[in-house]
There are 2 protein chains.
Amino acid sequence: MTTTRPETAQEPKYWHLRTVLDDALEREFEVGEILPNERELAARFGVARATLRQALEQLELEGRLQRRRGVGTTVAPPRTAVSVAPSPGTWPGADHDGWRTVGCAEAAAPAQVAEALGIAAGESVHTVRRVRTVGDRTVGTEILYVPAASVPGLPRALSPAEHAPAVLRELRLLELSGAESAVELGSARAEDAKQLDRLPGAPVLVVTTRYRAGAATAAVAVSTYRADTCRLTFGDGGAVDITHHEAARAS
Amino acid sequence: MTTTRPETAQEPKYWHLRTVLDDALEREFEVGEILPNERELAARFGVARATLRQALEQLELEGRLQRRRGVGTTVAPPRTAVSVAPSPGTWPGADHDGWRTVGCAEAAAPAQVAEALGIAAGESVHTVRRVRTVGDRTVGTEILYVPAASVPGLPRALSPAEHAPAVLRELRLLELSGAESAVELGSARAEDAKQLDRLPGAPVLVVTTRYRAGAATAAVAVSTYRADTCRLTFGDGGAVDITHHEAARAS
DNA sequence: CAGTGGTCTAGACCACTGA
DNA sequence: CAGTGGTCTAGACCACTGA
């Protein structure tokens, strides 16, 4: 038996498949086009379906494919650029920042949240839930934690519909002295997954932002974006459009 | 047959397992501690090894576990905070920015790189390769593309050892007018994977940064960080330490 | 209800590590 | 060389979609 590429004999089958499929996608498929089904593709490449699926998973993770149960696998459009921490000096909840409020509650701060906010566990915190949509797609969800102490002027008796707007309005009365963000990889919890139209465990980019007013932390936001379809942009613009995929080929 | 939780009967087994393991890690294990091997764990939970592995993969993706072939699975330490785009107005290659140069070459710009740089394909570009280490761990790799036109004062005949330092030095002579970054999920190519001590296809956070001098793009950097072990920080500090894992529990 | 992707099994064998 | 995680197979069945 001879192999055509003895030097790459070590390469896992699924990784090689990924490359082959990736090239084929670029050459022979249009965005939105539907691929042959998995059983068909596996047979065509002479591998088990599980192996084929490993390759597809990679490509989906990289934003090249989109798979939907009961429907099929399609070629994904380029990732959506989502601007994060857009204009310095801006509190969350500006009028047209792309977010839509879906709920708000007041409760005692769990330990981890309290720690991030620099308050005692159990102190009262407003929890504003928001979703971000681009076109008609939900690309991100967010939980914004605002200590009750940050918004002392908040009226008492608020209707559920008035709660979130009031909290955000009060927040804007504070002078924002700075904000820091961190980005890391996570997996979608059941609730987020449903809102993002993904299965639980889907890879997400988690952005944690701390908003400061004076020396204190006035609020903390935890935002969750679909990792397969989003590219998070920081700084003045988001125009850079070299993807990892293309850059790697170039190297 | 009755299930103890009829309302969660729909939950995939591997997802439930992930949760159970995650709780067990927090309660019964120390950072660095080694877990029972996969065959043992699968037997203990009464699932196939493949199913157990799906749960472990999730936890590794989330930075909770570290798996090494031939060694075992250990509880991972908290993610390393890596500062990205640290001080505004700073070119890459400052003296102590955590990067170490590992090579430099000059070649014709491939199409994608040329486009990002705003130059014609085939124009000459210096390609500086660097790695970033924290402690003795390589957490990131980078390719910095600098058009030859950006560094006109570069001496001719340079020894390989002098090439990269000279390019970075020339770059610092330009006035930096701004920089934009984008973060997205990718998978490690063979070369990056080796440097990051991961297998090909490992999830990485890809940061693409465009450095501007005047209206032109003076350089583009593509940095690749281990997604399992890194948390990328933007802005003044990186002190926010709510992880997705903990925030989700709190919600 | 046909067709799709998602989950799960039981098993074999390979690549790698460190004693 | 024993023990670990990584790869791969062949198959069954489930959940979901849209005609």
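Just so we're clear, the structure is a prediction, and the values are computed from it rather than from any experiment. Numbered from 1 within each chain, the chains take letters A, B, ... in sequence-line order. The basis for the numbers below is simple: all heavy atoms, side chains too, and nothing from hydrogens, waters or symmetry mates.
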> Hey, does B:L56 reach any base, or is it just sugar-phosphate, or nothing, if we go heavy atoms under 4.0 Å?
Replying inline: nothing
>> For D:dG6 and A:K13 - does any side-chain N or O of the residue sit under 4.0 Å from the phosphate oxygens OP1/OP2?
In response: no
> Just how far, in rounded Å, is C1' of D:dC8 from CD of A:E11?
Replying inline: 15 Å
>> Rounding to an integer number of Å, can you tell me how far B:L199 CG sits from C:dT17 C1'?
In response: 14 Å
> Among C:dC8, C:dT4, D:dG6, which nucleotide sits nearest the side chain of B:R67?
Replying inline: D:dG6
> Where the side chain of A:R39 is defined as all heavy atoms beyond and including C-beta, which of D:dC8, C:dC13, C:dG5 is the nearest nucleotide?
Replying inline: C:dG5
> Where the side chain of B:A50 is concerned, which of C:dG5, C:dT9, C:dC8 is the nearest nucleotide?
Replying inline: C:dT9
> Would you say A:Y14 reaches D:dC8's phosphate, i.e. side-chain N/O to OP1/OP2 under 4.0 Å?
Replying inline: no
>> With a 4.0 Å cut-off on N to O distance, would you call A:E142 and A:R132 a salt bridge?
In response: no
>> Can you confirm whether B:L168 sits close enough to B:L144 that some side-chain heavy atom of one is under 4.5 Å from a side-chain heavy atom of the other?
In response: yes
>> Please verify the inter-ring angle class for B:H163 with B:H126; under 30° counts as parallel, over 60° as perpendicular, anything in between as tilted.
In response: perpendicular
> In whole Å, what is the span from the CD atom of B:Q58 to the C1' atom of C:dT7?
Replying inline: 13 Å
>> If I take atom CD in residue B:E38 and atom P in nucleotide C:dG11, what distance separates them, rounded to the nearest angstrom?
In response: 17 Å
> Taking atom C1' of C:dG6 as reference, at what distance in whole Å does atom CZ of A:R49 sit?
Replying inline: 7 Å
>> Using Watson-Crick or G-U wobble geometry with both distances under 3.5 Å, which nucleotide pairs with D:dC16?
In response: C:dG3
> Among B:R198, B:R226, B:R53, B:R68, which one satisfies salt bridge (charged side-chain N to carboxylate O under 4.0 Å, His left out) with B:E60?
Replying inline: B:R198
> What's the shortest heavy-atom distance between A:R79 and A:R231, and which atoms?
Replying inline: O-NH1, 3.8 Å
> Side-chain donor-acceptor pair under 3.5 Å between A:Q195 and A:T138, yes or no?
Replying inline: no
> Whole Å only: how far is the CG atom of B:N37 from the P atom of C:dT17?
Replying inline: 18 Å
> Heavy atom of residues 27-35 of chain A under 4.0 Å from DNA chain D: which residues?
Replying inline: none
>> Let's see if you can work this out: which of C:dA15, D:dT7, D:dT9 has an atom nearest to the side-chain heavy atoms of A:T51?
In response: D:dT9
> In residues 70-77 of chain A, which ones come under 4.0 Å of DNA chain C, going by heavy atoms?
Replying inline: A:G70, A:V71, A:G72, A:T73
>> Could you tell me how far apart B:Q54 (CD) and D:dT7 (P) are, to the nearest whole angstrom?
In response: 14 Å
>> I need the NZ-P distance between A:K194 and D:dA15, as an integer number of Å.
In response: 15 Å
> When all nucleic acid strands are considered with a 4.0 Å heavy-atom cut-off, which category describes A:R68: base, sugar-phosphate, or nothing?
Replying inline: sugar-phosphate
